J.: 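Take a look at this one; I'll ask things after.
Predicted, not measured: the structure shown is a model, and the values here were computed from it. Quick note on labels: first sequence line is chain A, next is B, and so on, each numbered from 1.
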Amino acid sequence: MSQDQTEQEWPLFEVFIRSKQGVSHVHAGSLHAADARMALENARDVYTRRNEGCSLWVVPSAAVTASSPEEKGAFFEPSESKIYRHPTFYDVPDDVECL
Amino acid sequence: MDSKQLEAFDSHVAGEGKVEPKDWMPDNYRQTLIRQISQHAHSEIIGMQPEGNWISRAPSLRRKMILLAKVQDEAGHGLYLYSAAETLGVSRGEMDQALLSGKAKYSSIFNYPTLTWADAVAIGWLVDGAAITNQIPLCRCSYGPYARAMVRVCKEEAFHQRQGFEGMMALAKGTSEQKAMAQGALDRWWWPSIAMFGPPDDDSPHSAQSMAWKIKRFSNDELRQKFIDMAVIQAQALGLEIPDPDLKLNEETGHWQTGPIDWDEFWAVVKGKGPCNRQRMTHRRKAHDEGAWVREAAMAFANKQQQKSEKAAA
């Protein structure tokens, strides 16, 4: 790290935007800020300059626990093998309505 | 490097699979992207200067508001891109330092001056027009965070190009002095704009790998041609003349052919000998240094607030 020793890098925050009432917050990107309040204001200026949102979340990136891509197969296997969880698994006659 | 992993990666990407930050990727892929995305970010940040030069002297309040919004967008685009690059493991501080020390490059087009108001709008029309041509295919880049940042950037930049064309049109349809001003700006920005796509294909050593990795979708020359065909028609609509006596429509291909591009000038500007290289860097360093106390004070305040709340909780 070649930055000035005196300068501590501002922590990274992940930004989530709710585009309108009724839908979930969606990840938009990240930014650096000294604290959560500043992260919120910067997120407004960086990610919502054109009415993209009505609500913002900022989360310290360090607080995110993520599943690991290497274990993707084993991790998601329990749902992959259970095709009977999908409606298309079942054979029903075509002429019976509302199924 | 595990050759099996590399093989799996190559076939995943060749089949239009996307790559996300924590996925395994070849080191070259990572380094290529870090270089490209950070250079792209630096270009947005340095790119604020030539137009910023005209904010206080815009010819009307309307033009001033537009220009302010545009320059603010460039800052935003730089930040989207820095944040995409950071997902590859490079820190913001490292990228800042690479720019400030002159180690990292930015688009050499921004080393040209904006001598008149017409230059400020010509940038919107030509430089943003060229940038969009370049960036639209990047929305399908194999690296997810870069592609997503590009989608946002392209959405916003449509306004940049249109406001530039509108500004050029106001001048081109104005008094003879205004029209001469517009023509002067086109004369100055035409060649740098078409050189912006980078060296010709046979002199672009990294392109083949970037194409194979689906970072790049079209070659420099293909993108340049796309832009030229578009810009020639637009210049005609403005009633302005492209400063190239050799420009002609190739009836066979349907494409506009230009005279030779002065690549010596391009490389000279890349290597620091453009009209404004020194000015751009001096300004950037000054802004960085003068902002240091703000960054430090904000961090000190945040640390103190955190200590206070920890104490209160204890």
Side-chain angles (χ1 to χ4, degrees), chain A residues 1-19 24-53 56-76, chain B residues 5 12 19-25 68-70 72-73 75-87 90-98 100-101 103 144-146 148-149 151-153 155-156 158-159 288-289 291-306 309:
Chain A
M1 170 101 205
S2 54
Q3 212 187 1
D4 304 351
Q5 291 303 310
T6 51
E7 221 177 289
Q8 180 190 353
E9 190 160 292
W10 288 354
L12 193 64
F13 288 83
E14 299 300 320
V15 178
F16 299 81
I17 306 174
R18 185 201 296 286
S19 58
S24 307
H25 287 78
V26 175
H27 185 244
S30 59
L31 51 75
H32 289 277
D35 57 26
R37 178 77 218 166
M38 185 197 274
L40 212 48
E41 284 168 7
N42 288 359
R44 175 199 59 198
D45 294 342
V46 177
Y47 290 101
T48 65
R49 285 193 303 283
R50 288 174 175 77
N51 291 320
E52 285 93 338
L56 278 176
W57 287 349
V58 290
V59 180
S61 306
V64 174
T65 306
S67 64
S68 110
E70 290 86 40
E71 291 157 19
K72 190 170 78 180
F75 192 75
F76 292 104
Chain B
Q5 258 178 328
H12 174 71
V19 182
E20 294 295 344
K22 294 210 155 56
D23 294 346
W24 184 88
M25 61 187 87
L68 262 175
K70 181 177 187 289
Q72 196 181 17
D73 272 356
H77 298 171
L79 293 175
Y80 302 159
L81 287 160
Y82 281 130
S83 107
E86 285 186 77
T87 63
V90 62
S91 80
R92 181 68 177 278
E94 285 172 288
M95 289 187 279
D96 285 345
Q97 284 308 313
L100 295 169
S101 70
K103 188 176 146 230
Y146 191 27
R148 292 191 287 273
V151 170
R152 297 182 74 88
V153 168
K155 261 190 210 163
E156 299 183 353
F159 129 64
H288 184 81
D289 291 345
W293 74 270
V294 180
R295 294 190 295 275
E296 282 163 27
M299 203 61 243
F301 178 76
N303 287 339
K304 202 171 163 188
Q305 291 300 107
Q306 200 183 352
S309 69

J.: With A/His27, which residues qualify under side chain to side chain contact (heavy atoms under 4.5 Å, CB included), at least two apart?
T.: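 Here the qualifying residues are A/Glu14, A/Phe16.
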J.: Chain B contacts: which residues in residues 38-47 of chain A have a non-hydrogen atom closer than 4.5 Å to it?
T.: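 Those residues of residues 38-47 of chain A which have a heavy atom under 4.5 Å from chain B are A/Met38, A/Val46, A/Tyr47.
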J.: Checking heavy atoms, do the side chain of B/Arg148, its backbone, both or neither come under 4.5 Å from chain A?
T.: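 For B/Arg148, there is no contact with chain A at all, as no heavy atom is under 4.5 Å.
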J.: If every non-hydrogen atom of A/Ala34 is compared with every non-hydrogen atom of B/Ala298, which pair is closest and at what distance?
T.: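 Scanning both residues, the minimum pair turns out to be CB-O, 3.5 Å.
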J.: Among residues at least two apart in sequence or on other chains, which ones pass ring pair (Phe, Tyr, Trp, His ring centres under 6.0 Å) with B/Tyr82?
T.: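 For B/Tyr82 the ring pair (Phe, Tyr, Trp, His ring centres under 6.0 Å) partners, ignoring immediate neighbours, are B/His42.
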J.: Would you call A/Lys72-B/Asp23 a salt bridge at under 4.0 Å N-O?
T.: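 Looking at A/Lys72 and B/Asp23, the cut-off is not met.
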J.: Working to the nearest 0.5 Å, report the span between CE of B/Met299 and NE2 of A/His32.
T.: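 Answer rounded to 0.5 Å: 11.5 Å.
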J.: Considering only heavy atoms, which portion of B/Gln306 lies under 4.5 Å from any heavy atom of chain A: side chain, backbone, both, or neither?
T.: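 For B/Gln306, neither part sits under 4.5 Å from chain A.
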J.: Please check if the number of heavy atoms outside A/Asn51 that lie under 6.0 Å from its CG is greater than 12.
T.: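 12 or below, so no.
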J.: Where is the tightest heavy-atom contact between B/Lys22 and A/Glu70, given as atom of each residue plus distance?
T.: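 Closest approach of B/Lys22 to A/Glu70, heavy atoms only: O-OE2, 3.9 Å.
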J.: What part of B/Glu156 gets closer than 4.5 Å to chain A, counting heavy atoms only: side chain, backbone, both or neither?
T.: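 The answer is both parts of B/Glu156.
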J.: Salt bridge or not for B/Arg92 and A/Glu9, using N-O below 4.0 Å?
T.: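 Not counted as a salt bridge, because no side-chain N and carboxylate O are separated by less than 4.0 Å.
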J.: Where does B/Asp73 contact chain A at under 4.5 Å (heavy atoms): side chain, backbone, both or neither?
T.: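 Its backbone and side chain both get close to chain A.
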J.: Can you tell me which of B/Gln72, B/Gln305, B/Lys155, B/His77 forms the most heavy-atom pairs within a distance under 4.5 Å of chain A?
T.: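 Greatest number of close heavy-atom pairs with chain A: B/Gln72.
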J.: Which residues satisfy the side chain to side chain donor-acceptor pair (under 3.5 Å) test with A/Thr48, sequence neighbours excluded?
T.: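 Applying side chain to side chain donor-acceptor pair (under 3.5 Å) to A/Thr48 gives none.
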J.: Tell me, yes or no, whether the heavy-atom count around A/Arg50 atom CZ, taken from other residues, nucleotides or ligands under 6.0 Å, exceeds 12.
T.: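 Result for CZ/A/Arg50: enclosed.
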